[in-house]
Amino acid sequence: MELGVCYYPEHWPESTWKPDAERMKDLGIRWVRVGEFAWSRLEPEDGKLDFAWLDRIIDILGKSGLKVVLGTPTATPPKWLLDKYNDIYQRDVQGRKRGFGSRRHYCFSSPSYQEETRRIVTLLSERYGKHEAVGAWQTDNEYGCHDTVRCYCQNCRQAFRDWLKYNYADINALNEAWWNVFWSMDYLSFAEIELPNLTVAEANPSHMLDYYRFASDALIAYNQLQTKIIREHSPGRLITHNAMIYFGDFDHFELARDLDVISWDNYPLGMLEHSPLPETTKEQFLRSGHPDLISFNHDLYRGVKRRPFWVMEQQPGQVNWAPSNPLPAPGVVRLWSQQAFAHGANVVSYFRWRAARGAQELMHAGLNLHDGSPDRASAEAKRVFEEIPEESAGQITAPVALLFDYENLWATDLQKHAQAWSYWGIQVSWYMVLRSFGLDVDIIHPREDLSGYKAVFAPALHLVDDLLAEHLSDYVRAGGQLVIGPRSGAKTLTNIAQAPAPGPLADLMGLRIDHVDALRPGFEEEVEFQGSLYAYTTWADLLTPTKAEVLANYQSPAYVGAAAITRRALGTGHCTTVGMWGSPELNAVIFSSILRTAAVPLLHLPDGLRLSRRGNIDYLLNFNQEPITLDGGLEQAGEVIGPHEVILLRR
Ligand SMILES: [Zn+2]
């Protein structure tokens with residue numbers, strides 16, 4: 001486990017570089033990311049290159065014993081380059097140009113930009129690919145930030161038509177897959193198909209879903225363009241990309257195939273401010289962020305490649321981009337860093353070394369203040385370094401998995417049907433219950449190998465085909481406990497209704513679904529489960545058992561007595577269907593009963609106190625502003641953990 005920092009030498013006088021490198025070394029920093037926004041200083045004018053300053057800083061860092069993560073500068077093409085070509089800018093959903101003056105002002109489908117990318121990445125990787133200080137590369141920066149995955153320009157229109165032609169071959173196959181007979185939307189050729197914007201009513205959701213897939217693929221192809229060049233010129237170096245918080249506009253499982261390691265940017269306070277959690281929870285975790293909101297991302301990015309990840313940008317103090325930007329409490333930067341290691345990070349890299357004095361991020365903290373002197377997080381980073389275990393980073397062995405995928409996110413959120421519906425929301429609500437039991441959770445793709453898990457949780461497994469049904473049935477037959485949530489089995493892969501639902505999952509779930517209830521935001525109905533009443537909101541599938549037993553019934557006057565939770569025995573396992581978006585209390589009761597069947601030992605941790613296990617170390621993390629007396633089944637019952645404290649316990 002190692003520490004890193006994001007560094008912008010081009011912002012500061014060259015006289016500061018060497019002392020900066022020495023202080024980085026003193027703090028225990030190993031990795032330094034540079035270069036990812038520096039195109040205008042690497043190539044100030046068309047054809048006029050200036051790599052000498054980058055040569056010097058890479059040498060200085062290398063001589064100080066630091067390793068460089070070299071960023072390709074493609075997130076910020078310079079003005080002269082945009083002026084040279086007329087097809088680089090993105091168009092927004094209203095068809096308007098998204099102009100120069102910030103960042104990410106390019107379209108992935110632009111042939112000119114692809115060519116310019118090829119040129120700059122080749123120059124950089126030829127020059128630095130074998131430099132001994134360069135240990136890793138970062139392609140671009142935060143793909144998709146500022147809503148830039150989905151572009152509505154002429155290049156994208158053509159590329160979308162090509163993508164459709166490649167995937168469907170025959171226009172009638174597309175008409176059928178999209179159900180274009182509806183509203184006379186049939187096409188005679190691929191050349192007639194427009195991007196799904198500027199329509200009078202909403203566009204066909206099957207059209208939208210394929211456009212989302214196309215936009216994701218275009219981004220991944222653009223990234224591949226870079227990784228191929230880097231691999232050719234920089235053998236043995238890691239290639240990464242820094243993904244973002246709760247960002248689902250592209251398929252990260254697909255992107256990660258072309259990377260050696262995935263990294264993500266962890267900004268817990270901005271994440272909390274932007275979350276839909278209740279105001280009281282936001283106030284409770286105002287200066288630490290919510291532990292489960294943060295670790296969901298850790299566990300997802302660990303699951304994306306099923307191996308350790310990096311945090312490329314770790315918040316070291318205030319951020320600048322949330323509606324409100326409180327100071328983190330003392331100790332919290334250490335808490336976040338240790339939490340990242342506990343969930344499988346191999347590197348935690350702080351953003352940034354020194355606070356910028358101007359421009360968009362001037363209110364964003366660094367490890368150092370605007371004047372270059374150490375800010376509070378410097379001392380916390382040093383403490384984290386001193387606490388890094390001697391032994392090499394251990395593995396995480398999670399007893400349970402949560403199934404997540406981007407296509408289900410797109411398909412359910414495209415047709416929410418209930419205003420409060422959110423794929424992220426139901427995923428996180430199930431995850432929080434599992435984390436409150438003290439369980440380590442793998443968040444993985446539904447088609448991954450499930451055989452190692454005692455229980456598998458699948459909220460909103462919306463788009464299904466026979467292969468997926470077979471895969472899940474195999475898991476259950478072999479003794480697995482599978483829990484399937486609302487909106488599952490509703491559609492085919494091209495967003496057509498299964499008739500009847502849940503389509504290929506009917507045998508596994510042992511039921512059919514003819515009606516769904518979509519509730520107003522905040523409106524609660526009740527189910528009766530094990531003699532008690534529990535609330536649910538947002539969504540309910542009315543289950544009609546064919547082979548399943550009924551465990552709970554709806555109490556809504558509109559459908560009183562309909563089955564709400566069912567269980568189907570298959571082979572030596574069970575498939576439990578939870579038809580509704582249950583309250584945390586309801587989910588806790590159902591899940592704990594299933595986990596007992598699966599022989600998974602459970603704790604009952606209070607809000608804000610979390611346990612994570614990696615290798616032979618247990619991490620106890622208190623995100624509360626108050627000390628907590630440990631109980632809930634922990635071995636350390638009776639001991640007190642301080643506010644924002646983390647305890648490392650060797651097993
Ligand atoms: Zn475009």
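Hydrogens, waters and symmetry mates play no part in the numbers below; they use all other heavy atoms, side chains included. Indexing begins at 1, ligand by ligand and atom by atom, following the structure's order. Counting from 1, the numbers follow the sequence of the chain as shown.
Separation of the H364 and F351 ring centroids falls under the 6.0 Å cut-off. Taking the six-membered ring for Trp, H274 and W321 have ring centres closer than 6.0 Å. Ring to ring, Y85 and Y106 are not that close: their centroids are 6.0 angstrom or more apart.
Excluding waters, the protein N/O/S atoms found under 2.8 Å from the Zn ion (ligand 1) are C107 SG, C151 SG, C153 SG, C156 SG.
Listed by first then second residue, pairs satisfying salt bridge (charged side-chain N to carboxylate O under 4.0 Å, His left out) with a partner in residues 459-468 read R447-D465, not counting sequence neighbours.
Evaluation of the side chain to side chain donor-acceptor pair (under 3.5 Å) rule for E10 yields no partner, not counting sequence neighbours. Partners of R41 under the salt bridge (Lys or Arg N to Asp or Glu O under 4.0 Å) rule, at least two apart in sequence or in another chain, do not exist in this structure.
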